[in-house]
Amino acid sequence: MDKQLEKLFQDQIKNEWYSAYMYMSMAAYFEAANFEGFAHWFYKQAGEEQVHGKKMFDFLIDRGVKVVLQAIAQPPADFASPSAAFEMAYEHEQKVTALINGIADQADKVNDHPTKVFIQWFITEQVEEEKNASRIVNLLKKIPANSAGIFQLDHQLGKRE
Ligand code: FEO
């Protein structure tokens, strides 16, 4: 595999697992604030990120590349409000989208056909990831803090499959 492409993948495994770590931190914040539904949503999100990282881990192995895991940074532990946590999650997903697009660009540049196919799944997934986070950000903007609406949304997100 092209060295630059390999580096992007090694970095992205870390980025996906950092995402999982950050979402677990957000879940911990919501647990401490007794918002079990929001915490549940972030547990599910963290689980997806672990799967994303593992997909890339397996892909590198399938391509004969040794995976070298990198250090994962400490995520933020406190957020100004539920809204601030979801806004950070949404902004984070936009950054991840840019990183995934960077992998796709490099795969195009070096004409790596297997990566071009592999990365399509992530490109589609990011559309979903951004949509889910931005919807919640927009809903929270309409809900006054400590109103019944926020408890209703917490209840609703607690049902995420
Ligand atoms: Fe793995 Fe949330 O992107």
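One-based numbering, in listed order, for ligands and for the atoms of each.
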**Q** From the N, O or S atoms in E16, identify the one nearest to atom 1 (Fe) of ligand 1.
**A** OE1
**Q** Are I119 and V65 connected, step by step, through hydrophobic side chains (Ile, Leu, Val, Met, Phe, Trp, Tyr) whose heavy atoms are closer than 4.5 Å?
**A** yes
**Q** If you consider just the N/O/S atoms, which atom of H52 is the closest one to atom 1 (Fe) of ligand 1?
**A** ND1
**Q** Does the side chain to side chain donor-acceptor pair (under 3.5 Å) test come out yes or no for Q10 and Q70, once each step is laid out?
**A** CA-CA 8 Å; Q10 301 275 17; Q70 302 176 12; 5.7 Å; no
**Q** Is atom 1 (Fe) of ligand 1 less than 2.8 Å from at least one N/O/S atom of E129?
**A** no
**Q** Taking 2.8 Å as the cut-off, does an N/O/S atom of E48 lie below it from atom 2 (Fe) of ligand 1?
**A** no
**Q** From E125, does some N, O or S atom reach closer than 2.8 Å to atom 2 (Fe) of ligand 1?
**A** no
**Q** Do you know which N/O/S atom name in E49 is closest to atom 2 (Fe) of ligand 1?
**A** OE2
**Q** Tell me whether the count of non-hydrogen atoms from other residues, nucleotides or ligands lying under 6.0 Å of NZ in K109 goes above 12.
**A** no
**Q** Is the H92 ring parallel, tilted or perpendicular to the Y23 ring (thresholds 30°, 60°)?
**A** perpendicular
**Q** Starting from F118, can I reach F57 by hopping between I/L/V/M/F/W/Y residues whose side chains sit under 4.5 Å apart?
**A** yes
